[in-house]
Amino acid sequence: MNPIAATQHRRRRPTPPRRGERLRAGLALAALVATGLALSACGTVEAAAPSCPDAMRLALVAQSVPTASYLPCLHRLPDGWQVTQVDIASGHTILALLSDRAEGRAVVVTLLPSCDAGSATAEAPRADGIRTSVYLNSISDRYAGTMYDVFPGGCITYRFDFARGPHIALMEELNDTAGLLARRELRLDLRRQFGVELDP
Amino acid sequence: MTQHAAPGRPGGAADRRESPALAGVAAPTADRSIARVAPVGRRRRPSGEAPPLPRPVRHSTRVFLAVIAATAALEAALFARPILRVVTIGDDAVLRALVALRNEPTTQVLLAVTGLGSVWVARALAWATIAVLLAVRRFRHLLTYLVIWLAVSFVAAWLSVALGRMRPTGIVILGDWEGWAHPSRPVTNLALALVGILYTLVPHGRWRNLAKWVAVAVLGLVCAARLYLGVDHPSDIAVAVVLGWLLPIVVYRLVTPEEVFPVTYRRGTTAHLDVTGPRGQAIVQALDHQLGLDIVAVEPFGLAGSAGSTPLRLRTSSRGGTSRLLFGKLYAVTHLRSDRWYKLARTVLYGRLEDEKPFSTVRRLVMYEDHMLRLLRDTGLPTPAPYGLVEITPEREYLIVMEFCDGAREIGGAPLDDHELDDALRIVRRLWDAGVAHRDIKPSNLLVRDGSVLLIDVAFASVRATPWRQAVDLANMMLTLALCSEPERVYRHALRLFTAEDIAEAFAASRSITIPSQLRTRLRADRRDLVAEFRRLAPPRPPVPIQLWGLRRVAATAAVLGILALAIVVATAYVQVAGLV
C-alpha cells in the first residue's frame, strides 16, 4: 500500500496550549458561595401537649393511668416557656417544660399510678383531695427538687432544677402553667362532646 | 426501502425490500422464536392507539388510589368533631362486640401476637431490608424504600399529633400502647416493613404471591389482636393499613415497575432488560409496523461486553427469501440515567475537555446513535449499516436496528497482517478527516472480517471533538493493534498515515483514565509497557493536560462533594425521624 502523505489529508488542529485556565478557575472557586443546609425538626411537640380545655387530648392522659382521679394539664404557657417532650403511654404520662431562663434544664412532669413523697414537706394543696408537698435536694447553689401532688389512684411529680435568683419567678410560672383537672370533670366533658364513656 | 402497507390489512400485503447494504447471512443454529401474530407490514400508529409495549396503570392500582383518596377525605373530615363523634361511636360498638368474645387463653395468645407489631420488629425488618438492598446494589429500590418510609412516618406522626385521638373508651384496654391512637403506628410500621420486603426483595411472580399471603396473614393477625385487646379503634387500623400497605404498593408500582426494574437475583447487569414475554412481542410488532421487518426470533447477544444497553440478535423470516440476521440495541430509561451519571463523572474527572450535556430523553439518546451511524457511513467508515429505530414505549424504550456483522471476529484473536493493520489505522485517519472522535476504541469495538476491519458501537462518537480526544483515539487504536503485533511494526504503519508529531501528541495525551477499561485490562495482562514503547519511538513531547478546570467542572465537583456531605447528615437525621433507632 502506498503511504499517504499527511499533507494530503485535511489539516487537523493540534492540541493548543492552555493559558489563563487556572486563573479563571481560581476566581470561580473564590466566587462560589458555599450553601449550608440544616435540617429542622418538625415543631409538633407543643401541638401534642394536653392543654386544660382539650378533652380529647386529656382523655389519652387519663387512659394512661386509669386509676388517677386527677390529671395534669397545661394552661397557657408564659412567655419564654415551651413544651419539649410529650410521652403518653400505658402506665405513665411525661411532659417536659423548658424556660429560656432555665439554662436548658427542663421541668419534668410525670403522672404515675403511685409514688413515694418520702420526706417531702407538705404545702397548701393545689386542689381538693390532693396532698401537695415539696422535696428540695438543693437550695444553696441551685434551687432543685421535686414537687408532689398525691391523690387517690395516682400521683403527679414535678422535677425542677433552677438557678438561684430567677427560681422564684420560675416556680410561680410553673405553678400557673401546670394545672390539674379532675377525672370526673373530664368524664362529663367526653360524654357531652363525643357521647363516650371514658372508663368501663 | 419498505413500501407502506394499507392500514388494517394484515397478512403482509406490503412489498418489503431489504436494504441493499445488507448482505444475506446464514440463519443461526440457536432459535429463540417467539409467539407472534401474522405480520401486517409497515403502518403508522394512529392517534389514541396503544404503543407496542404500553404501560397501563393496573386495575388494582387504580382501586388502591381511589381508596387512598377516600381515606384522605375521611381524615380531613375527622377534624370536624361531629364526624369524629359518629366514627368513634361506630368504632366503640365494634369493640364492645369483640370484648364480649374475650377469654383468658385467647387473651394470652393475642398479647404475645401483638409483640410482632413492636417497634423493634419493624426496625429489625427495616434494617435487614436496607442491608440486603445495599448488598445487591438495588439502589433505586433502596431510595424508594427510604423515601416511602420517611414520608409515611412523617404523615402518620403529623396525623396522630394533629388529631390527638384517644384510645378506645368504655372498655378495659388489655395491651400496652404508646402515643395517640390514630393512625395505629405499630400497624403502619409493620405494614411498611412487610410491603418493603415484598416489593424490593421478593421476585415478582409465584414467590411474591406466596410471600404476600404470608405478610397479609401476619399483619391481619396483629390487627385482630390489637382490636381484641382494645388498644386501637377499627378506623385507626384501617387508616394505618392504607398508609402502610396500599400507599407504598402504589408508589413501588409507579416508581419501580417490575417491567423496567425487576427484582431478580440472577447474575448479570441491571442494564439488560428481559426481552421475553410482552416485551419480546412488542419488539416484533414494533419492527413489523415501523420498519416493515418480519422478525421471527429475538435473543440477547453479547451481554458480557455491554453495560449501556440490551444488545439483541434479530432474525428475519425466511419467507420470500433468505432469513437474515440484524443487530439491535434496546435502550430504556435505566440506560438514560446511567448515561447521565457517566457524563457527570467525566465532567468531574476531565473538566472542560469532555464538556457535554446529558441526553434529556431516551428518544434523543437513540436518535444520536442512529445519526452517528449514518454520519460515519456517509464519510466512508466501515460501520454497520443502520436500519433505523423503533419506538417500544413512548419516551421510555426504543430499539435501534443495524446490520449484524456475521462472520466477524473481535480484533486480537489472531495476528494481524499488514492490510488489516493499515485498514485499522485508516479508520482513525478517516475519523480525523471527518472531524469525528469515536471515544471508545478498544478490542471489542473493532471486528475483523474477510481481511477488513469494522468499527462498531458508535454511541459515544462526537462530531468536532476536541483535538485531545482525537489524539486519544489514535493512541488507543495503536495500543489495540500492538497487543496482537509489535509496537515498532504498528508505529511504522502509522507513519504512513500520520506524522511523527501526531503520534507523539497521541501518546502525550494518553493516560490510564483515557484508555477504555477493557483495553486497560489487556494492556496490564500484556508483559510489555506498550505506552512507554510508543513514547520511546515517537519524538519527545510534553504531556498534554487533560484535566482542565472550568466553571462547570467546579460547580459539578462542589455539588458532588456537597451532596456527599449532606448525605451523611441526612442519613444520621433520617434514622431518627423515620423511627429506625
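The structure displayed is predicted, hence computed values, not measured ones. Proteins come first, then strands; the chains are lettered A, B, ... in the order of their sequence lines, and each starts at number 1.
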> Quick one: what part of A/Thr93 sits under 4.5 Å from any heavy atom of chain B, side chain, backbone, both or neither?
Replying inline: neither

> Would you call the rings of A/Tyr143 and A/Phe160 parallel, tilted or perpendicular if under 30° counts as parallel and over 60° as perpendicular?
Replying inline: parallel

> Does the distance from a Lys or Arg side-chain N to an Asp or Glu carboxylate O, for B/Asp232 and B/Arg167, drop under 4.0 Å?
Replying inline: yes

> Is a side-chain N or O of B/Arg185 found less than 3.5 angstrom from the main chain of B/Ser160, in a donor-acceptor match?
Replying inline: no

>> Please classify the contact of B/Asp92 with chain A as side chain, backbone, both or neither, using a heavy-atom distance under 4.5 Å.
In response: side chain

> At a heavy-atom separation under 4.5 Å, does A/Leu190 approach chain B through its side chain, its backbone, both, or neither?
Replying inline: side chain

> Where on B/Ile89 is there a heavy atom nearer than 4.5 Å to chain A: the side chain, the backbone, both, or neither?
Replying inline: side chain

> Which of the residues A/Gln193, A/Glu197, A/Arg57, A/Met56 is involved in the greatest number of heavy-atom pairs with chain B at under 4.5 angstrom?
Replying inline: A/Arg57

> Ion pair present between B/Arg426 and B/Asp423, side-chain N to carboxylate O less than 4.0 angstrom?
Replying inline: yes

> Contact part of B/Pro542 toward chain A, heavy-atom cut-off under 4.5 Å: side chain, backbone, both or neither?
Replying inline: neither

> Could B/Asp418 and B/Arg492 be called an ion pair, given the rule that one side-chain N must be under 4.0 Å from one carboxylate O?
Replying inline: no

